[in-house]
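A quick write-up on the structure given underneath.
The chains referred to below are lettered A, B, ... by the order of the sequence lines, with proteins before strands, and numbering in each begins at 1.
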Number of protein chains: 2
Amino acid sequence: MQITSKFTIAVHIVIAVDYFKDSQKVTSNFLAGSVGANPVIVRNVMGDLKNAGIISISQGKSGMALARVLEDITFYDVYRAVSCVSDEGLFHFHEKPNMDCPVGRNIHKVLDEELLGVQNAMEAQMKAVKLSDIVNKTRREIANEVNSQA
Amino acid sequence: MQITSKFTIAVHIVIAVDYFKDSQKVTSNFLAGSVGANPVIVRNVMGDLKNAGIISISQGKSGMALARVLEDITFYDVYRAVSCVSDEGLFHFHEKPNMDCPVGRNIHKVLDEELLGVQNAMEAQMKAVKLSDIVNKTRREIANEVNSQA
DNA sequence: GCCTCATGTAATGATAGTTATTACATGATA
DNA sequence: TATCATGTAATAACTATCATTACATGAGGC
């Protein structure tokens with residue numbers, strides 16, 4: 001099991017929208033080139049990010065732009081935007097526990113709270129990662145590249 | 001995306017093996033009845049739990065038994081036993097970021113550490129949940145049932 | 001020592017989710 | 001108004017999950 005690549009694509013998009021904002025017209029085709037995925041996939045993710053209020057989309061010269069400052073965007077916001085995890089929860093429960101069995105009859109009452117706790121721990125960590133830090137890290141890495149070449 | 005039901009099935013199995021150890025011969029068919037899943041699925045999960053050293057399997061009268069005390073089994077042990085998450089990691093990365101793009105070229109360097117941090121947070125919470133607590137909770141719930149009926 | 005029965009495993013199929021792709025309608029902006 | 005980007009529908013390939021049938025293997029009970 002893995003969380004769909006729509007999540008890393010979405011983060012990639014946010015980084016690129018910020019990074020190229022002064023040098024490029026950022027369109028779905030341009031982003032698809034950077035991400036290495038199909039433009040339709042990118043447009044769908046763009047739509048998710050727009051609906052979540054993370055980016056704004058214009059067809060004009062300005063192209064895409066961030067709708068909020070990077071400090072106010074976390075991994076969790078992006079993760080929610082692209083619906084990585086089913087509304088049923090992170091864990092898929094077996095669907096037909098036997099109600100005539102004392103264990104089967106109580107299995108949800110016994111596990112649901114702890115399973116939600118695990119999901120909450122994951123999501124809390126996602127809330128702790130700010131896109132501003134990610135973008136700063138990206139700029140540092142790119143700057144380092146140039147320095148090592150010189 | 002959801003974590004396979006093999007995880008909740010495996011936890012169900014551990015609970016049932018302990019709960020019925022004095023009253024029933026616990027076999028894959030019996031467990032399949034309690035879980036409400038196919039006996040082959042149950043046998044596969046049993047095999048995973050055996051390989052992880054969590055249960056021992058005998059064909060004789062004794063049936064299945066725990067190979068360790070419940071205090072020494074956590075959600076994480078069960079989660080590892082049934083291989084819920086790809087070895088590649090919890091997050092599926094888009095596979096062809098553009099190496100000619102400064103963002104695409106550095107996206108792994110920028111994200112891998114934080115993504116692993118999220119996965120670690122989830123797994124740390126799983127390590128904090130002991131099956132002994134889960135089994136005790138199960139026994140309490142079943143006891144409550146009887147009391148409410150009376 | 002043989003018989004029974006549970007486990008282990010292979011093979012197949014149904015279903016659903018993910019990603020890619022073509023195609024086209026819509027709508028904003030230059 | 002022409003252009004070009006977005007939005008979206010439809011289809012397909014691929015993979016993962018779960019169910020199911022079938023059968024070989026092997027351990028325990030008698």
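Classification of B/Asp18 and B/Arg139 as a salt-bridged pair holds, one side-chain N sitting under 4.0 Å from a carboxylate O.
Using a 4.5 Å cut-off on side-chain heavy atoms (C-beta onward), B/Phe91 and B/Leu111 make no contact. In this structure, B/Thr4 and A/His92 have side chains that are not in contact, with every pair of non-hydrogen atoms separated by 4.5 Å or more.
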Subject >> Annotated protein contacts, base or backbone, on nucleotides 11-20 of chain C with a non-hydrogen cut-off under 4.0 Å, one of B, S, - each >> reply: -------SSB
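Legend: residues meeting side-chain contact (heavy atoms from CB on, under 4.5 Å) with A/Glu113, ordered by chain and number and at least two apart, are B/Lys137. B/Tyr19 meets the ring-ring contact (aromatic ring centres under 6.0 Å, His included) test with no other residue; sequence neighbours excluded. Residues satisfying the side-chain contact (heavy atoms from CB on, under 4.5 Å) criterion with A/Lys127, sequence neighbours excluded, are A/Tyr76.
Five base pairs at each end of the helix from C/dG1-D/dC30 to C/dA30-D/dT1 define two local axes, and these are offset by 30° (rounded to 10°).
Closest approach to the A/Ile57 side chain among D/dA5, D/dG28, D/dT6 is made by D/dT6 (side chain taken as heavy atoms from C-beta onward). Considering only side-chain atoms of A/Lys25, the nucleotide from C/dT7, D/dA5, D/dT6 that sits closest is D/dA5.
Atom-to-atom, CZ of A/Phe91 to P of D/dT17 comes out at 14 Å; the value is rounded to the nearest Å.
For B/Gln59 against D/dG26, a side-chain N or O and a base N or O form a donor-acceptor pair under 3.5 Å.
Within residues 28-35 of chain B, the residues approaching DNA chain C are B/Ser28, by heavy-atom distance under 4.0 Å.
Put simply, the side chain of B/Gln2 gets close to the backbone of A/Gly89: a donor and an acceptor are under 3.5 Å apart.
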